[in-house]
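Data first, discussion second: the structure below is written as structure tokens.
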Amino acid sequence: METRIITHDGQFHVTNGLVSHVIRILPGGEPNTIYFGPAIHDRDDFSDLQELAVRDTLQTDAGHPGLSLEQIRREYPQGGSSDLRPCALDVGDAAGSHAVKLAYDAYRIVSGKVPLDGLPSTFANGTGDDADCATLEIDLADASFGLRVTLSETMFDGLPVVARSVRVTNVSHLPQTVESAYSASLDLPDADWDMLTLTGAWAREAHVERTPLRTGLQGVSSIRGHSSQHANPYLALARPNADEMQGEAMAATLVYSGNFDASVFVDSYARTRLRIGINPEPFSWRLAPGETFQTPEAILAYSGAGFNGLSQALHALYRRNLIRRPWNACRSPIVVNTWEAVHMAMDETSLTAMARSAKELGMEMLVVDDGWFGHRDRADSSLGDWFADRRKFPNGLKPLADAVHRMGMGFGLWFEPEMISEDSDLYRTHPDWVLGDPRLPLHALGVQRCQYVLDMTRPDVVAYLRRTIGDVIGKAGVDYIKWDMNRSLSEAYSRALPPDRQGEVFHRYALGYYRLLHGLAARFPDLLIESCASGGARVDAGTLAYAPQAWISDDTDALERVKIQYGTSMMYPVGACSNHVSAVPNEETGRRLPLKMRGDVALFGTFGYELDPALLDDGECARISRQIDWSKRLGPLMRSGTFWRLRSPFAPRPGFDAADAAWMVVSADRRNAVVGWYRALTGVNAPVPWLRLAGLDADMRYAVTEVDTAVADAGDTAMAGRGFTPWRPRYGDELMHAGLPLTDRTTVTWGRDPFPGDGSSRLFILTAVDASL
Ligand code: DGJ
């Protein structure tokens, strides 16, 4: 159903047949949240769903006799009132008062979306009545304080999702200070939820944590200047009985890459307030008379079908309304990335040879990672000097790019645009471009990299980067950039801003980052951008708006990667996650996992390699080239199919030594699917592994074929040759309800596990009996 915004006297019901959001304006003008959840029928008057109880110990509200603001569900709670829960908006006026009291003033219904000034956001497809979403804007005002606030909510046709943002305008004659302005706040009537977050650290990003809500404040946040691998800007609430396949759950996330706070407050009466937005901790924003502050966009998704329902809603939204075309649907090139292969030891001759051997195996793009610029032999030099190192590339990058292009491959290049090394011409020329207080020693990164952060709040810095990086891209003919960011912001002081604007540095930095991304994307519309921040330190929807794929971790060990891909898929579409097969022993863990396992994991995403193909023996070359063919065959499905998590690597099961993990991707017409099943530790005399599948057509008959991608020929559409193990066809209902038991030929014999050896994988292809993938 299309989105409808139904208005009755002081009541707004936004619904698309999947979800409903009902707001009622109380007599004093306070917008009251009546309902948010699965779609409900409309009624002229939902006022009997309002909670108006007043308790003896709580203040009643002057503007709303008989009503306690602390007792009601509020659409956008302002601080400085008698609502003493954590609030969404805190603004101070020139006299130092924070007593804002907003009341309803006006509303607008917009077909489609209102773009956000300077910030990435979801977009509408189609215009006017054909737009695939509709927006309700409600203006609130406090005339005596001199503040106007516009709440904007977009609902998307066919998706259980809303996007929310807020504009705060100073309509007084004196300056004001925004101390906090969350993008969305949602009051829920009970606290019977678990909280689910994605936390971790470098090389172990997006680990799933689940904990019951308790009274008080809880959540995840970042003050690192980027969204961070320590906590992703994602917070889900799930009923205690909810799991991947069933149960009620909702998620909040942010189309933003800077400091964030995603938190839940449970009050003493077991009611829940969920807030998401810019982290107020190191934040304040001066608003001159007439100025407006725009918050980033928050996304709220609802699912009655567990976490898979939730992530499928987010994936669908991102593909349809966030990721740049054509990358929202098409397969990305299969890359060979130089980082783990050669680190910084590169030159034109060796990279030309690497590209040639990669091409022979079927790879489609050479990505020259860190080490090509300035005099970058070590990690502590040259950042900011985006000029080819003439010792390594005597005639610049163009001859290498041309040679690669003549081979029929794309040419990719690494940048770390926001950083500067002390040992760089840029630093020597512009020491004042560094973010930090010049009176204090700067903290550099780690023991090796010693790099500083550029002051991205400065328009001249952004303009310089746009010009120099743009020139390299333009002159060499770069098709793809990997945009890295390897340190958090500390001493976030800008020499270009006055003292009363230092609280704006983090957000202005994010705005500068987007300006640069926007400028490069506008100058090079076909440029493919892969985001990276020491791996997954900036995997967020704001970055996804510009960079259709992300290097989600530096950890290329397949067993670790299973966990990282699993967690990341809670929020990110699998086709937007870049995964590479790397050499063994693995750089991070020292493990030697089989090539098949490494490939079977990386295939579920944007595929590539992180090794020197010239060092492979003939057998490895043959197996890798078949793996690449499989990635080409399955790639379109990975970009466009529906992703289902089947078994969590974070949840060991009785009888097994370690959790196994499984997932699958199903085509939109449900005629094709691919299943990946992974086992960390093999077992002896262990239970028979069963796997119940999902998302299939119950009445369709599927041919089930196990594939060894290192042996089987991807061109063999009959799937009858070597490396294919056919199973008897079966109906979708059986596959989903009984499951796939590993009791076939590869069976449990003499107590041996059907996953022989630690770190092994099994891959199945399902095709409707009259279809071929
Ligand atoms: C960190 C990235 O995550 C790696 O893939 C690599 O690009 C290095 N930086 C290069 O310095």
Side-chain angles (χ1 to χ4, degrees), residues 200-206 224 226-230 232 257 332 335-346 351 354 365-386 389 392 411-421 423-424 444-454 469 478 480-488 528-540 543 547 549-557 560-561 564-565 568 572 576-583 586-589 602 605-612:
W202 173 76
R204 62 174 163 84
E205 295 85 346
R224 314 182 76 87
H226 53 103
S227 40
S228 95
Q229 64 276 78
H230 302 260
N232 196 280
S257 313
S332 291
V335 306
V336 57
N337 180 296
T338 58
W339 181 245
E340 286 197 25
V342 296
H343 291 111
M344 294 175 191
M346 56 175 70
L351 294 189
M354 187 187 289
M365 165 132 15
L366 173 77
V367 177
V368 180
D369 208 286
D370 194 352
W372 59 268
F373 53 93
H375 55 276
R376 181 89 163 167
D377 297 326
R378 292 167 27 148
D380 60 359
S381 87
S382 303
L383 292 171
D385 293 348
W386 302 116
D389 182 341
K392 301 175 183 175
F411 182 69
L413 202 57
W414 178 95
F415 291 93
E416 196 176 357
E418 302 145 79
M419 298 293 147
I420 181 166
S421 306
D423 175 18
S424 69
L445 171 71
V447 280
Q448 286 177 336
R449 292 195 180 239
C450 305
Q451 66 198 51
Y452 303 136
V453 182
L454 278 169
I469 293 175
V478 174
Y480 157 118
I481 62 171
K482 177 176 170 187
W483 182 309
D484 205 346
M485 195 257 194
N486 284 305
R487 71 160 276 182
S488 303
L528 173 58
I529 303 175
E530 173 166 297
S531 66
C532 170
S534 302
R538 202 155 52 184
V539 174
D540 57 67
T543 296
Q549 61 193 51
W551 179 237
I552 58 169
S553 180
D554 275 353
D555 200 333
T556 54
D557 175 286
E560 294 303 312
R561 196 89 182 181
I564 295 163
Q565 287 175 218
T568 306
Y572 248 47
C577 299
S578 180
N579 305 315
H580 296 170
V581 173
S582 60
N586 182 269
E587 247 192 42
E588 282 76 32
T589 62
T606 286
F607 195 69
Y609 288 83
E610 195 99 7
L611 44 73
D612 186 350

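Both counts, for ligands and for their atoms, begin at 1 and track the order of listing.
- Looking only at distances, no side-chain donor or acceptor of Arg449 sits under 3.5 Å from a matching main-chain atom of Asn486.
- Atoms of ligand 1 lying under 4.0 Å from any heavy atom of Arg449, numbered from 1 in the order shown and given with element: 8 (C), 9 (N), 10 (C), 11 (O).
- Ring geometry, His580 versus Trp551: the interplanar angle falls from 30° to 60°, so the pair is classed tilted.
- Between Arg376 and ligand 1, not a single N/O pair is under 3.5 Å apart.
- The backbone N or O of His375 sits less than 3.5 Å from a side-chain atom of Ser382, completing a donor-acceptor pair.
- Summary of contacts: the protein heavy atom closest to atom 4 (C) of ligand 1 is Asp554 OD1, 3.4 Å.
- For atom 5 (O) of ligand 1, the nearest non-hydrogen atom from the set Glu530, Lys482, Glu610, His580 comes from Lys482.
- Within the 3.5 Å criterion, the main-chain N or O of Trp414 finds no donor-acceptor partner in the side chain of Asp484.
- Counting heavy atoms from C-beta on, the side chains of Glu340 and Leu611 never come closer than 4.5 Å.
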Next item on the list: List the steps, then state whether salt bridge (Lys or Arg N to Asp or Glu O under 4.0 Å) holds for Arg376 with Asp389.
Entry: CA-CA 8 Å; Arg376 181 89 163 167; Asp389 182 341; over 6 Å; no
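- Distances between N or O atoms of Gly535 and those of ligand 1 include at least one value under 3.5 Å.
- Of all atoms in ligand 1, listed by their number and element, those nearer than 4.0 Å to a heavy atom of Trp551 are 3 (O), 5 (O).
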Notebook entry, point to check: Yes or no on side chain to side chain contact (heavy atoms under 4.5 Å, CB included) for Asp377 and Lys392, after CA distance, side-chain angles and deciding distance?
Noted result: CA-CA 10 Å; Asp377 297 326; Lys392 301 175 183 175; 3.3 Å; yes
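- Only the side chain of Asn486 comes within contact range of ligand 1, with a heavy atom under 4.0 Å; no backbone atom does.
- For atom 9 (N) of ligand 1, the nearest non-hydrogen atom from the set Asp369, Asp484, Asp370, Thr338 comes from Asp484.
- Distances between N or O atoms of Trp339 and those of ligand 1 include no value under 3.5 Å.
- Set against the non-hydrogen atoms of Cys532, the atoms of ligand 1 under 4.0 Å away are 2 (C), 3 (O).
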